Amino acid sequence: MISDGFGRSFRTLRISLLDRCNFACTYCVDRETSDFGLKKTDLLKTEEWIRIVKGLHSALDLKKVRLTGGEPTLYPGLKILVREIKNLNIPEVSITTNGSVLSKQIEELKEAGLDSVNISLDGLTQESFQTMSRRSAFKQTLNGIDAAVSTGLKVRINCTLVRGKNEDQIIPILEYSWSKGILPRFLELMKMGYLQNSDTVPVFKQDEILDRVERRFGTLTPQVRKESSTANYWTTQEGNSFGIIANESAPFCRDCDRLRLDSKGNLYGCLSSSTGFPLPKLMEQGIEMEQILTLALRQKQDVRFKGSDLTMMAIGG
Ligand code: SAM
Ligand code: SF4
């Protein structure tokens, strides 16, 4: 298997199925619109995705595929794709979603073989939810979370923090998640898309998050970090756990095993790179997968993520 000087390879694949979304989160995109990206007819078909994933799996022995976006629940063939990827014997298939239409889909996604779901939730009041997402679908998202929990699938909540906007939601998000048996995680804001060239990115940092949690719940015990994990985790004295994905404060490039595909099938070895390798075209030309992957591996940063002008909506967070 290919690897670089740090011993890194690719074992986790994240696919951005479409660069469109029914939300317009303020840190993800700078405009109030849902009309981003590809038309439905321009989307890669499930058969094309399967051919790509199959090619990558035979070169890499993938352990996990995450389907994301944009909003993956808007991709018409999501259920089929989950089933077909599971049929390739990839141990874990998961989605990252804003949860707003999840309640209608989660049962059949589970039946298709979905293993876990990450749901983004940046606020626990209608007002805070709307400030972050530019949408009023708060109740729908909570319904999506309840539906996911009731299937028995592994559910995690991801809350992206923007200084001055939603750090007051840290404690409510923790209490809500724990009351439902969900593992919550907070994300430090990353310099993606329109934030890339901004001097003042309003990051609410890991230490500040920990400080707030400790003030409320007392001393926290750090958990041992698992290899290739993006998040660090802590446990409260009462035995509740939470994570922080801290690109700024605790970078995790050193043992990153993630490989990404955007919605056109362009391959990226790193979030910090805005140049992808057009995989469908390269496969058609008969270029060896190993050769393409070696180039993608060179895109990885040694230590620290630098950001990119691609939006998370395009490359898939
Ligand atoms: N639409 C789905 C959702 O929101 O979960 C999937 C795609 S979204 C790009 C995936 C994750 O990326 C979300 O949790 C979102 O909060 C996060 N995200 C988007 N832009 C970000 C940024 N600039 N910094 C940190 N996280 C970001
Ligand atoms: Fe859509 Fe997710 Fe971006 Fe929000 S973070 S606008 S839900 S892609």
Side-chain angles (χ1 to χ4, degrees), residues 14-38 66-75 78 94-102 105 116-123 128-138 140-141 144-145 148 155-163 165-166 169 173 183-198 200-206 209 230-231 243-249 251-252 258 260-263 268 271-272 274 305-317:
R14 303 175 77 103
I15 305 178
S16 176
L17 292 177
L18 70 176
D19 57 357
R20 279 184 298 133
C21 187
N22 53 347
F23 284 16
C25 300
T26 50
Y27 50 80
C28 187
V29 286
D30 61 354
R31 287 174 286 161
E32 164 59 73
T33 172
S34 57
D35 187 25
F36 286 93
L38 297 172
R66 176 170 298 282
L67 303 172
T68 175
E71 180 44 46
T73 56
L74 304 181
Y75 180 78
L78 183 61
S94 52
I95 59 168
T96 299
T97 171
N98 63 32
S100 60
V101 298
L102 195 60
Q105 299 186 9
S116 64
V117 49
N118 287 356
I119 304 176
S120 304
L121 180 71
D122 300 331
S128 153
F129 183 92
Q130 199 152 345
T131 302
M132 302 303 288
S133 65
R134 296 195 180 102
R135 293 292 179 270
S136 58
F138 180 47
Q140 290 93 312
T141 298
I145 293 172
V155 181
R156 291 188 298 200
I157 282 181
N158 285 341
C159 172
T160 299
L161 292 170
V162 180
R163 175 178 296 284
K165 297 286 181 205
N166 68 335
Q169 297 298 301
I173 292 271
L183 180 65
R185 307 186 310 171
F186 299 101
L187 279 75
E188 279 185 357
L189 196 59
M190 296 162 76
K191 281 190 154 200
M192 295 295 291
Y194 80 99
L195 295 174
Q196 161 82 10
N197 295 317
S198 166
T200 50
V201 179
V203 182
F204 196 76
K205 292 210 164 183
Q206 172 167 295
I209 303 170
T230 50
I244 304 179
I245 301 176
N247 290 283
E248 288 292 324
S249 310
F252 37 77
R258 283 167 291 285
R260 293 166 190 274
L261 283 162
D262 72 13
S263 57
Y268 301 81
L271 258 186
S272 288
S274 48
F305 157 89
K306 296 203 176 92
S308 152
D309 54 3
L310 286 174
T311 60
M312 280 292 213
M313 193 182 280
I315 196 170

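Each ligand, and each atom within it, is numbered from 1 in the order the structure gives. Bear in mind the structure is a predicted one, so any value in this text is a computation, not a measurement.
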As an exercise, identify every atom of ligand 1 less than 4.0 angstrom from a heavy atom of Leu187. 26 (N)
Closer than 4.0 Å to some heavy atom of Asn98 - which atoms of ligand 1 meet that? 2 (C), 3 (C), 5 (O)
Does Glu71, backbone or side chain, put an N or O under 3.5 Å from an N or O of ligand 1? yes
For ligand 1, find out whether one of its N or O atoms is nearer than 3.5 Å to an N or O atom of Thr97. yes
Distance in Å, Thr73 OG1 paired with Leu67 CG, rounded so as to fall on 0.5 Å steps: 11.5 Å
For atom 4 (Fe) of ligand 2, what is the nearest protein heavy atom, given as residue, atom name and distance? Cys25 SG, 2.3 Å
For atom 2 (Fe) of ligand 2, what is the closest protein heavy atom, and at what distance to 0.1 Å? Cys21 SG, 4.4 Å
Tell me: protein heavy atom nearest atom 21 (C) of ligand 1, and distance? Met312 CG, 3.5 Å
Tell me, which protein residue and heavy-atom name are nearest atom 3 (Fe) of ligand 2, and how many Å apart are they? Cys28 SG, 2.5 Å
Just checking, any donor-acceptor pair under 3.5 angstrom between side chains of Thr97 and Glu71? yes
Could you check Ser263, Cys28, Cys25, Ser16 and say which one makes a side chain to side chain contact (heavy atoms under 4.5 Å, CB included) with Met313? Cys28
Distance-minimising heavy-atom pair for Tyr27 and Leu195: O-CD1, 3.7 Å
Can Arg66 and Thr96 be counted as having a side-chain donor-acceptor contact under 3.5 angstrom? yes
Could you check atom 25 (C) of ligand 1 against the protein and tell me its nearest heavy-atom contact, residue, atom and distance included? Met190 N, 3.5 Å
Protein contact to atom 13 (C) of ligand 1 [nearest heavy atom, distance to 0.1 Å]: Ser120 OG, 3.3 Å
If you measure from each heavy atom of Met313 to ligand 2, is any distance below 4.0 Å? yes
Compute the minimum heavy-atom distance from Glu188 to ligand 1 and say whether it is under 4.0 Å. yes
Name the closest protein heavy atom to atom 18 (N) of ligand 1, giving the residue it belongs to and the distance to 0.1 Å. Tyr27 CE1, 3.7 Å
Heavy-atom check, side chain of Asn118 versus side chain of Arg185, under 4.5 Å: yes
Considering only protein heavy atoms, which is closest to atom 17 (C) of ligand 1, and at what distance to one decimal place? Thr160 OG1, 3.9 Å
Mind checking whether Phe138 and Phe129 have parallel, tilted or perpendicular rings, split at 30° and 60°? tilted
Taking the side chain as every heavy atom from C-beta outward, state whether Tyr75 and Ile95 have any pair of such atoms under 4.5 Å apart. no
Which of these, Glu188, Lys205, Gln206, sits in a side chain to side chain donor-acceptor pair (under 3.5 Å) with Ser249? Glu188
Identify, by atom number and element, the atoms of ligand 2 in contact range of Asn98, meaning under 4.0 Å from any of its heavy atoms. 7 (S)
Among side-chain atoms of Ser133 and Asn98, is any donor-acceptor pair under 3.5 angstrom? no
Quick one: which ligand 1 atoms are inside 4.0 Å of a heavy atom on Thr68? 6 (C), 7 (C)
Nearest-contact summary for atom 12 (O) of ligand 1 - protein heavy atom, Å: Gly317 CA, 3.8 Å
Does the side chain of Leu189 come within less than 4.5 Å of Leu161's, by heavy atoms? no
May I ask whether Gly70 has any heavy atom positioned less than 4.0 angstrom from an atom of ligand 1? yes
